[in-house]
Engineer: 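I am attaching a structure below and will ask some questions about it afterwards.
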Amino acid sequence: MSKNKKTFYVTTPIYYASGTVHIGNSYTTIAADTMARFNRLIGNETLFLTGMDEHGQKIEEAAKKAGRKPKPFVDDLALEIKNIWNNLDISNDIFIRTSDSEHIQGVQKIFEKLLEQKDIYLDKYSGDYCVACESFFTKTQIIEEGICPDCGKKTIKLEEETYFLNLKKYSNKLLKYINDNPDFIQPETRKNEVISFIEQGLENLSVSRTSFNWGVPVLSNPKHVVYVWIDALSNYITALGYGSINNSQFNKYWVQGDEVVHIVGKDILRFHAIYWPIMLMALNIPIKFKLYVHGWVLMKEGKMSKSTGNLVYPLDVTKRYGVDALRYYLLRELPLGNDCYFSYERFIEKYNADLANDLGNLVSRTVSMANKYLNGEVLKTESNLIYSKDLKKLANEVVKDYDNSIKNFRIQDSLISLWTLISKTNKYVDETEPWKLAKEEKNKELIKEVIYHLIESIRVISILLSSILPSTSLKIQDVLNLKNDDIKYQNIYFGFLSSTIIKVKAIVLFKRLDKDEELEYQTNKKQGIETMKVKEEITIDDFNKLDFRIGKIIKCEKAENADKLLILQVDINGNIKQIVSSIADNYETEELVGKKIVVLVNLKATKFRGYLSEGMLLAASNKDGQLEVLEVNKLDNDAVVD
Ligand code: ME8
């Protein structure tokens, strides 16, 4: 069968199920999502894998600390993390969990195969182990006795019967592979680190544990569980069906696939650049993948990590500033090969400068000018003005640059390049000064040209934005009323758009933030003080106008034509009032009868779905949609509220 589409398989590391994810881990996932979206956009058959690393001593201990058994503990976390990725617009195709039965079977097959061919053998291990990194250390690697050289936490002494994977046997073959494939590990500095690590001499790796049992049992010797990194690394192929009956995805995306990309942080370089390719060599599977290694998101106190507690959680940021603001910050700030810092101060500065001012302002002023000068109707024109020619030229160059950078995982560079087009387009407005042109009838054609060039540039920008800020891109494309063909990558070249009619009169993509106010909010939040957002102030006279009474519910029934509505008969000191309230999701009818509640009785009567409502009951609700009516327990229904 002939293939006409290139395949692209991209993975994130699978995250430890020891706690929820922070913005550091979110970077890895957002970066992988960006790669996946871009490859889909350019027409590659794309598969995007992420998931959770659920076995091992670290997770067993975390569950124990939470007073729970490991499986329900990781089940809950899996739901939570899937929900977070969903919120961050992560477009993964597969979410693997190492507790999935297909994965477990795959790992067991891998282990037995390596055992059978004697790449794995049984012996004794004695040495240091870091539970936090789930990592063994040889004497030469330990710098300070009892301390993990990677994370600085205490190591434990292990003495166990264990299986070993023969790394030494493959070390020269791996070195040769790395040298023959210069783009296997990127950036270069990481590659050099790996080479020097191998050149110092590899020790064979302990690949099973007997002192706990939360893991994949070794099939032929179940008192051993497979070492968590062997279990975890295998996910990249078990997720494709390796080791199960249906391995068509494995053949398509791996064996015969065109491009396989693993994105990982620098802390897990060794596992991916040494253990994993050696496992593949031993299994006689082509190495196939490229490894992109990124740096860390640091806080001023150091690396953000689950164990130090200096964490920023993604939803805390996105709830206040939007998903695309977080995606933008992380992708824009973390260069390939280096670290970056996160602070709300910098975040707000970048938000205001790049999103609200540059991008937001460009779209909003263009939309309003298109409406004002052309009634929203935009038609293709020639590029007569020198400024128009320049803009067109730059747009086409940026597309090439962007494409080249993102394909090589230089996402920061691709954003920098895209923003040069955004700035240039803003400059184009200043250069052409449409408001001046509009003063004279003779400039009518020029105005048309300027607006067309602005819209066309924004169309190109929106296509490139779709991999990094998917929802902003969609918003722009919707407002510009772009058709399917207008947003295809093959049509990205400047001048493709033939016509459009802008849908709205005005649009604000990113509301400008008041930096001081936001920093105060974040400081208070850190100290546990939530700043209350209150409605417009009222006076005591305003308040006195409201007539609240206590009423006893004497009858309650469901509305016939509206699922959410309940019709209540409320006795207020002998007067019966009918109140219609949308609380049917929260209460059974009989549950409410007899309750004494607070009712606003002087609200103008109105009808809901044909039912007259002569007031309003008071209730409290939370953000999850839970709702509770306010009750009075001691006083009778002749009491007044004041
Ligand atoms: O390592 N900045 O899982 P994990 C940037 N289960 N990236 C960060 C970061 C930070 N502050 N902190 C963590 C594991 N990361 C294993 C992977 S794969 C077969 C098994 C990144 O939850 C980290 O570099 O500790 C890594 O890429 C990812 O989050 C997963 O971290």
Side-chain angles (χ1 to χ4, degrees), residues 10-32 49-59 62 74 77-78 80-81 84-85 95-99 103 106-107 110 130-135 148 150-151 153 190 215-216 226-239 261-277 279-280 289 291-314 326 329-331 333-343 409 411-412:
V10 60
T11 69
T12 71
I14 46 174
Y15 299 97
Y16 280 130
S18 50
T20 189
V21 287
H22 49 74
I23 60 168
N25 324 110
S26 304
Y27 168 78
T28 321
T29 315
I30 292 170
L49 168 74
T50 188
M52 256 177 43
D53 191 353
E54 302 185 345
H55 290 136
Q57 193 168 357
K58 176 175 164 136
I59 315 292
V74 296
L77 260 169
E80 185 177 329
I81 291 176
I84 294 174
W85 295 154
F95 188 95
I96 192 172
R97 299 178 54 188
T98 49
S99 60
H103 170 77
V107 171
I110 290 171
C130 172
V131 177
C133 300
E134 296 280 20
S135 198
C148 170
D150 283 355
C151 72
K153 294 215 190 77
R190 299 292 166 209
V216 177
V226 175
Y227 171 43
V228 63
W229 270 100
I230 298 295
D231 173 357
L233 290 163
S234 307
N235 96 89
Y236 298 130
I237 53 175
T238 59
V261 165
H262 294 325
I263 299 175
V264 298
K266 63 181 179 184
D267 47 326
I268 53 176
L269 171 65
R270 197 171 64 234
F271 303 94
H272 285 83
I274 298 175
Y275 306 161
W276 179 225
M279 280 171 71
L280 290 170
F289 68 91
L291 191 63
Y292 289 128
V293 189
H294 65 75
W296 286 335
V297 180
L298 301 169
M299 303 295 284
K300 60 174 192 301
E301 304 85 13
K303 183 181 180 251
M304 194 180 313
S305 87
K306 288 174 198 167
S307 39
T308 50
N310 60 340
L311 300 172
V312 177
Y313 295 106
L326 177 67
Y329 184 88
L330 294 174
L331 296 173
E333 291 290 276
L334 198 60
L336 185 62
N338 272 316
D339 296 334
C340 79
Y341 282 90
F342 178 89
S343 71
F409 195 61
I411 302 180
Q412 187 195 43

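Counting convention: from 1, in listed order, for ligands and their atoms alike.
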Engineer: Can you name the atoms of ligand 1, numbered from 1 with element, that are less than 4.0 Å from a heavy atom of Ala232?
Structural biologist: 19 (C)

Engineer: Side chain or backbone, does Val264 bring an N or O within less than 3.5 Å of an N or O on ligand 1?
Structural biologist: no

Engineer: For Thr11 and His262, which I'm curious about, is there any donor-acceptor pair between the side chains at under 3.5 Å?
Structural biologist: yes

Engineer: Does Lys58 make a cation-pi contact with Tyr16 (under 6.0 Å, within 45 degrees of the axis)?
Structural biologist: yes

Engineer: Does some side-chain heavy atom of Ser135 sit less than 4.5 Å from a side-chain heavy atom of Cys148?
Structural biologist: no

Engineer: Just which atoms of ligand 1 are under 4.0 Å from any heavy atom in His22?
Structural biologist: 9 (C), 12 (N), 13 (C)

Engineer: Going by the ring pair (Phe, Tyr, Trp, His ring centres under 6.0 Å) test, name the single residue among Trp276, Tyr275, Phe271 that passes it with Trp229.
Structural biologist: Phe271

Engineer: Show the atoms of ligand 1 that are less than 4.0 angstrom away from any heavy atom in Pro13.
Structural biologist: 17 (C), 18 (S), 26 (C), 27 (O), 28 (C)

Engineer: Do ligand 1 and Tyr236 have nitrogen or oxygen atoms that lie under 3.5 Å from each other?
Structural biologist: no

Engineer: Would you indicate whether the side-chain heavy atoms of Arg97 and Asp53 approach each other to under 4.5 Å?
Structural biologist: no

Engineer: Angle between ring planes, Tyr329 versus Phe342, binned at 30° and 60°: parallel, tilted or perpendicular?
Structural biologist: perpendicular

Engineer: Using distance alone, decide if ligand 1 has a nitrogen or oxygen within less than 3.5 Å of any nitrogen or oxygen in Asp53.
Structural biologist: yes

Engineer: Side-chain contact, heavy-atom cut-off 4.5 Å: Glu134 with Gln57?
Structural biologist: yes

Engineer: Short list, please: which atoms of ligand 1 are under 4.0 Å from a heavy atom of Thr28?
Structural biologist: 21 (C), 27 (O), 29 (O)

Engineer: Out of all atoms in ligand 1, which are within 4.0 Å of some heavy atom of His294? Include the element for each.
Structural biologist: 5 (C), 7 (N)

Engineer: Could you say whether the N/O atoms of Asp267 and ligand 1 ever approach to under 3.5 Å?
Structural biologist: yes

Engineer: Please check if any side-chain donor atom of Thr28 sits under 3.5 Å from a side-chain acceptor atom of His294, or the reverse.
Structural biologist: yes

Engineer: Heavy-atom contacts under 4.0 Å between Tyr16 and ligand 1: side chain, backbone, both, or neither?
Structural biologist: both

Engineer: Taking the non-hydrogen atoms of Gly295, is any one of them nearer than 4.0 angstrom to ligand 1?
Structural biologist: yes

Engineer: Would Ile268 count as being in polar contact with ligand 1, using the rule that some N or O on each side must be under 3.5 angstrom apart?
Structural biologist: no

Engineer: Measuring from non-hydrogen atoms of Trp229 to any atom of ligand 1, is the shortest distance under 4.0 Å?
Structural biologist: yes

Engineer: Does an N or O from Ile14, backbone or side chain, lie closer than 3.5 Å to an N or O of ligand 1?
Structural biologist: yes

Engineer: Contact between ligand 1 and Glu134 is defined here as a heavy atom of the residue under 4.0 Å from a ligand atom; is it met?
Structural biologist: no

Engineer: Looking at non-hydrogen atoms alone, which of Ser26, Cys133, Ala32, Gly24 comes nearest to atom 8 (C) of ligand 1?
Structural biologist: Gly24

Engineer: Among Thr20, Asn25, Thr29, which one satisfies side-chain hydrogen bond (donor to acceptor under 3.5 Å, both in side chains) with Tyr15?
Structural biologist: Thr29

Engineer: Would you say Val10 and Leu49 make side-chain contact, with heavy atoms under 4.5 Å?
Structural biologist: no

Engineer: With under 30° as parallel and over 60° as perpendicular, where do the rings of Tyr292 and Phe409 fit, or are they tilted in between?
Structural biologist: parallel

Engineer: Contact between Trp276 and ligand 1, counting heavy atoms under 4.0 Å?
Structural biologist: no

Engineer: Does Asn25 reach ligand 1 with a nitrogen or oxygen that is under 3.5 Å from one of the ligand's nitrogen or oxygen atoms?
Structural biologist: yes

